[in-house]
Undergrad: 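Submitted below is the structure of interest, expressed as C-alpha cells.
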Amino acid sequence: MSKVTVVGAGNVGATCANVLAFKKIADEVIMLDVKEGVAEGKAMDMNQTAQLLEFSSRIKGVTNDYAATANSDVVVITSGIPRKPGMTREELIGVNAGIVKSVAENILKYSPNAILVIISNPMDTMTYLASKVTGLSKHRIVGMGGALDSSRFKYYLSEALGVNPTEVEGMVIGGHGDTTMIPVARLATYKGIPVSDLLSKEALDKVVADTMVGGATLTGLLGTSAWYAPGAAGAAVVESIIHDQKKVVPCCVSLEGEYGQNDICIGVPVVLGKNGWEKIIDLKLTAEEKEKFEASAAAVRKTNNVLNEINAI
Ligand SMILES: NC(=O)c1ccc[n+]([C@@H]2O[C@H](COP(=O)([O-])OP(=O)(O)OC[C@H]3O[C@@H](n4cnc5c(N)ncnc54)[C@H](O)[C@@H]3O)[C@@H](O)[C@H]2O)c1
C-alpha cells in the first residue's frame with residue numbers, strides 16, 4: 001500500500017492529488033490544507049470521479065490534521081502563496097519560508113521516513129530551507145521545478161517542430177526562475193535527431209526564451225500561477241520515486257561539489273527511485289553553459305541569503 005500526502009489543496013496541490021489518483025500512482029492520497037473544509041470538499045469531489053475514470057485510489061482531505069498523514073511514503077509540499085502577474089517567484093520568500101518550515105516539521109513528526117517533494121516557490125530556496133531545517137539525508141529532499149520547466153521546454157519544442165510532444169527530449173537545468181533556468185538546447189532531440197539540425201537558430205532561440213518565461217506567460221493569462229502542468233509534474237516526480245522507475249528528471253537537489261557547487265539546492269538531472277534522488281547525472285557542459293550555470297547558482301544563492309536575513313534558518 002503506497003501513501004502520498006499533498007500539503008496545500010490549492011490549484012497545484014489538488015491537481016497533483018487528482019493526477020496521483022487518476023493515474024493510480026498511489027493507493028492512498030491525503031490532501032491537507034489550513035482552510036477549513038477545502039481539502040475535504042476537493043477530495044470528495046475527486047472520489048466521485050473514481051467510477052467515471054475507473055480508479056480505486058482513495059483520496060482523503062483533512063484540515064490541519066497531521067495524524068491523518070502518518071506513514072506517508074512521499075509528501076508533496078505545495079502550501080504557500082502563488083505569484084500574481086508582475087511578481088517574481090523570489091518575492092514570495094518571506095511568507096512561504098514560514099509555511100514550508102512548519103509544514104516540513106509537522107510532517108516529519110508523523111512520517112519520519114518520508115521523501116519530501118518541494119513545489120512551493122521560490123522553489124530552489126524552499127528546497128534549501130527544507131534541507132537545512134529538517135537535517136534529512138540529502139537524497140530525501142527533491143525540489144520540483146526542472147520537471148515542469150523541462151515539460152514546458154518540450155512543449156515549445158514540439159510546437160516549433162510541429163511534432164508529437166512525447167517524441168521530443170529536452171532538459172532544463174539551473175534555478176527555477178525566469179532568468180535563472182537553463183534550457184539545454186544543445187542536448188534537445190526529436191527522435192534522437194538534434195533539434196539544432198531541424199530548427200533555425202532564431203527558432204531555437206525563441207523556444208528557449210519562451211520556455212524561460214513560460215510560467216510568467218501563464219500567470220499573465222490566468223491572473224495567478226498555472227496548475228495543470230505543475231500538478232502533473234509533481235505527480236510524475238512522485239511516480240518515479242514510489243514505483244522506483246529510475247527515471248532521469250531534472251530536479252532541485254543539494255549539491256556537494258557536483259557541477260562545481262556546494263551548499264546549494266539547484267536543478268540538475270537526477271535518477272529518481274525508491275530512495276528519493278539516487279544519482280546525479282553529470283552533463284559535460286560547454287564553457288558557455290557552465291558560465292550560465294554559475295550565474296544561475298549565484299542568483300539562487302542570493303535568494304537563499306534572504307533566509308538568513310529573516311532568521312528562517
Ligand atoms: N515549483 C514549481 O514548479 C511551481 C509551479 C507552480 C506553482 N508553484 C508554487 O506552488 C505554491 C502553490 O501554488 P497554488 O497555485 O496551488 O496556490 P494556491 O493559493 O491555489 O494554493 C495554496 C494552498 O496552500 C494552502 N496553505 C497555506 N498555508 C498552509 C499551511 N501552513 N498548511 C497547509 N496548507 C496551507 C492555502 O490554504 C492554499 O489552499 C505557490 O508557492 C506557487 O508559487 C510552484
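Nothing fancy with the numbering, it's 1 onward along the sequence. Below, all heavy atoms of this structure are taken into account, side chains as well, without hydrogens, waters or symmetry copies. Predicted model only: the values in this text are computed from it and were never measured. Order of appearance sets the numbers: ligands from 1, and atoms from 1 within every ligand.
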Undergrad: If you measure every N/O of N64 against every N/O of ligand 1, is any gap under 3.5 Å?
TA: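 Looking only at distances, the answer is no, because the N/O contact criterion of under 3.5 Å is not met.
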Undergrad: Which residue holds the protein heavy atom closest to atom 21 (O) of ligand 1, what is that atom called, and what is the gap in Å?
TA: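 The answer is G10 CA, 3.2 Å.
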Undergrad: Answer with yes or no whether the hydrophobic clustering places V168 together with L199; edges join I, L, V, M, F, W, Y residues whose side-chain heavy atoms lie under 4.5 Å apart.
TA: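 Result: yes, single cluster for both.
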Undergrad: Taking all heavy atoms of T219 and all of R83, pick out the closest pair and write down the distance.
TA: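 Between these two residues, the closest heavy atoms are CG2-O, 3.7 Å.
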Undergrad: Does E28 pair with R58 as a salt bridge, N-O distance under 4.0 Å?
TA: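 R58 and E28: not salt-bridged.
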Undergrad: Considering only protein heavy atoms, which is closest to atom 32 (N) of ligand 1, and at what distance to one decimal place?
TA: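 Heavy-atom neighbour on the protein nearest atom 32 (N) of ligand 1: V34 CG1, 3.5 Å.
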Undergrad: Out of all atoms in ligand 1, which are within 4.0 Å of some heavy atom of V7? Include the element for each.
TA: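 Numbered from 1, ligand 1 contributes 33 (C).
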Undergrad: Heavy-atom pairs closer than 4.0 Å: do any link ligand 1 to the side chain of R89, the backbone, both, or neither?
TA: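 Within the 4.0 Å criterion, R89 makes no contact with ligand 1.
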Undergrad: Pairs in or reaching into residues 116-132: which pass salt bridge (charged side-chain N to carboxylate O under 4.0 Å, His left out), with residues at least two apart or in two chains?
TA: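 Residue pairs with at least one partner in residues 116-132: K132-D263.
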Undergrad: What part of V38, side chain, backbone, both or neither, has a heavy atom within less than 4.0 angstrom of ligand 1?
TA: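 Near ligand 1, V38 shows nothing, with every heavy atom at 4.0 Å or more.
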Undergrad: As an exercise, identify every atom of ligand 1 less than 4.0 angstrom from a heavy atom of K35.
TA: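 It comes down to these atoms of ligand 1: 37 (O), 38 (C), 39 (O).
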Undergrad: Does the side chain of E278 come under 3.5 Å of the side chain of N275 through a donor N or O and an acceptor N or O?
TA: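 On atom types as modelled, these side chains qualify, holding a pair under 3.5 Å.
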Undergrad: Closest non-hydrogen protein atom to atom 22 (C) of ligand 1, residue and atom name please, with distance?
TA: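 Here the closest protein heavy atom is G80 O, 3.2 Å.
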Undergrad: To check your reading of the model: name the closest protein heavy atom to atom 20 (O) of ligand 1, its residue, and the distance in Å.
TA: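 Residue, atom and distance for the closest contact: N11 N, 2.9 Å.
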Undergrad: Could you list the atoms of ligand 1 found under 4.0 angstrom from a heavy atom of S225?
TA: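 In order of number, 7 (C), 15 (O).
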Undergrad: What protein heavy atom sits nearest atom 11 (C) of ligand 1, and how far away is it?
TA: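 That would be T78 O, 3.2 Å.
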Undergrad: Just need the protein heavy atom nearest to atom 19 (O) of ligand 1, so name the residue and atom and give the distance.
TA: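 Heavy-atom neighbour on the protein nearest atom 19 (O) of ligand 1: P82 CD, 3.5 Å.
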Undergrad: If every non-hydrogen atom of Y128 is compared with every non-hydrogen atom of L307, which pair is closest and at what distance?
TA: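 Reported closest heavy-atom pair: CD2-CD1, 3.8 Å.
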Undergrad: Enumerate the atoms of ligand 1 whose separation from the nearest heavy atom of M123 is less than 4.0 angstrom.
TA: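 Listed by number with element, the hits are 1 (N).
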Undergrad: Is any side-chain N of the basic residue among R89 and D178 closer than 4.0 Å to the acidic one's carboxylate O?
TA: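 The answer is yes: the pair qualifies as a salt bridge.
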Undergrad: Does a donor on one side chain and an acceptor on the other come within less than 3.5 Å for S2 and D73?
TA: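 S2 vs D73: no donor-acceptor pair found between side chains.
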Undergrad: Could you verify whether a donor N or O on one side chain and an acceptor N or O on the other, from T5 and T69, lie under 3.5 Å apart?
TA: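 On atom types as modelled, these side chains do not qualify, holding no pair under 3.5 Å.
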Undergrad: Holding to salt bridge (charged side-chain N to carboxylate O under 4.0 Å, His left out), I want the full list of residues that pass it with K109, two or more places apart in sequence or in another chain.
TA: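 Not a single residue meets the salt bridge (charged side-chain N to carboxylate O under 4.0 Å, His left out) criterion with K109.
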Undergrad: Find all atoms of ligand 1 within a distance of less than 4.0 Å from any non-hydrogen atom belonging to V12, and give their numbers and elements.
TA: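 Per the distance check, 6 (C), 7 (C), 13 (O), 14 (P), 15 (O), 16 (O).
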Undergrad: Would one find an N or O of N121, backbone or side chain, under 3.5 Å from an N or O of ligand 1?
TA: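 Checking ligand 1 against N121, an N or O pair does fall under 3.5 Å apart.
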Undergrad: Starting from atom 23 (C) of ligand 1, what is the nearest protein heavy atom, named by residue and atom, and what distance separates them?
TA: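 Sorting protein heavy atoms by distance from atom 23 (C) of ligand 1 puts D33 OD2, 3.7 Å first.
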Undergrad: Around atom NZ of K279, are there more than 12 heavy atoms from other residues, nucleotides or ligands closer than 6.0 Å?
TA: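 Atom NZ in K279 is not packed in, count stays at 12 or less.
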Undergrad: Just heavy atoms, cut-off under 4.0 Å: does N96 contact ligand 1 by side chain, backbone, both, or neither?
TA: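 It is the side chain that gets close, since no backbone atom is under 4.0 Å.
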Undergrad: Check I99 against ligand 1 and report side chain, backbone, both or neither, counting heavy atoms closer than 4.0 Å.
TA: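 It is the side chain that gets close, since no backbone atom is under 4.0 Å.
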Undergrad: Short list, please: which atoms of ligand 1 are under 4.0 Å from a heavy atom of L92?
TA: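 Listed by number with element, the hits are 43 (O).
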Undergrad: Taking heavy atoms and a distance under 4.0 Å, where does I81 meet ligand 1: side chain, backbone, both or neither?
TA: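 Near ligand 1, I81 shows its backbone, while the atoms from C-beta on stay back.
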Undergrad: Kindly confirm or rule out an N or O of I119 lying under 3.5 angstrom from an N or O of ligand 1.
TA: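 Yes; the residue has a nitrogen or oxygen that sits under 3.5 Å from a nitrogen or oxygen of the ligand.
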Undergrad: Say whether S111 and N71, considering side chains only, have a donor N or O and an acceptor N or O under 3.5 Å apart.
TA: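 No - no donor-acceptor pair under 3.5 Å links their side chains.
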Undergrad: Between T134 and E105, does the side chain to side chain donor-acceptor pair (under 3.5 Å) criterion hold? Intermediate values first, please.
TA: CA-CA 7 Å; T134 63; E105 287 166 353; over 6 Å; no
Undergrad: Judging by distance only, is a nitrogen or oxygen of M144 under 3.5 angstrom from one on ligand 1?
TA: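 Yes, since at least one N or O of M144 sits under 3.5 Å from an N or O of ligand 1.
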Undergrad: Below a 4.0 angstrom heavy-atom separation, can you tell me which part of L148, side chain or backbone, both or neither, approaches ligand 1?
TA: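 The side chain, only.
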Undergrad: Give the atoms of ligand 1, by number and element, whose distance to some non-hydrogen atom of P230 is under 4.0 Å.
TA: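 So the answer, numbered in order with elements, is 5 (C), 6 (C).
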Undergrad: Report the relative orientation of the aromatic rings in H139 and W277; use parallel for angles under 30°, tilted for 30 to 60°, perpendicular for over 60°.
TA: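 Tilted.
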